Structures are given as C-alpha cells and as structure tokens.
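Model, not experiment: these values are computed from the prediction. Numbers for residues simply follow the sequence, beginning at 1.
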Amino acid sequence: MPVVTIRMAKGRTLEQKRRLAAEITAAITGTLGVDPERVTLFFEELETENIARAGRLLPES
C-alpha cells in the first residue's frame with residue numbers, strides 16, 4: 001500500500017491537484033504493479049510565509 005505525501009505552497013487549484021493525483025497514481029501503479037485503489041496521496045498545503053528558499057522566506061523573495 002504505497003502512501004505518498006506531497007508538501008507544497010498553497011494556491012494550486014482543485015483541478016491541478018486532481019491531475020497530479022491521477023498522474024502520480026498512474027506512475028506508482030505502472031512501476032510497482034499495485035492496484036490504484038491501494039495508492040493513497042496526502043496533500044499538505046503550506047502558507048508561503050512558512051517556506052524559505054536560499055535563506056529567504058518566499059513572500060520576501
């Protein structure tokens with residue numbers, strides 16, 4: 001039972017998340033040969049103020 005957690009900044013649409021879920025599930029089922037019903041995805045959406053890149057918070061970049 002593969003479980004995947006995706007952490008990303010807030011702001012993606014429901015349609016983008018649907019598409020990503022479908023594509024990741026397809027990749028897992030194709031590679032591991034598991035039933036799609038066994039694949040679980042978690043989307044964790046983070047406020048950009050809680051993400052830093054290159055030492056700077058994203059809203060300040």
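No single ILVMFWY cluster, assembled from side-chain heavy atoms under 4.5 Å apart, contains both Ile24 and Met1. Val3 and Ile6 are assigned to two separate hydrophobic clusters, defined by single-linkage of ILVMFWY side chains at heavy-atom distances under 4.5 Å.
Electrostatic pairing of Glu23 and Arg19 counts as a salt bridge here, judged by a charged N lying under 4.0 Å from a carboxylate O. Glu44 has no carboxylate O lying under 4.0 Å from a charged side-chain N of Lys10, or vice versa, which leaves the two without a salt bridge.
A donor-acceptor pair under 3.5 Å links the side-chain atoms of Arg56 to the main chain of Glu60, judged by distance alone. The backbone N or O of Ala26 sits less than 3.5 Å from a side-chain atom of Thr29, completing a donor-acceptor pair.
If you take OG1 on Thr25 and CD on Glu37, they are separated by 9.5 Å, rounding to the nearest 0.5 Å. Taken to the nearest 0.5 Å, the CD atom of Gln16 stands 10.0 Å off from the CG atom of Leu14. Interatomic distance, CZ of Arg12 versus CD of Glu45, reported as 8.5 Å (0.5 Å rounding). A distance of 10.5 Å separates CG in Leu20 from OG1 in Thr13, rounded to the nearest 0.5 Å.
A pairwise comparison of heavy atoms in Ala21 and Leu41 identifies CA-CD1, 3.4 Å as the closest pair. Smallest separation of non-hydrogen atoms from Glu49 and Leu57: O-CD2, 3.5 Å. Contact detail for Leu58 and Thr48: the closest heavy-atom pair is CB-O, 3.8 Å. For the residue pair Met8 and Phe43, the shortest heavy atom distance occurs at CE-CD2, 3.6 Å.
With a 4.5 Å cut-off on side-chain heavy atoms, Val34 and Pro2 count as touching.
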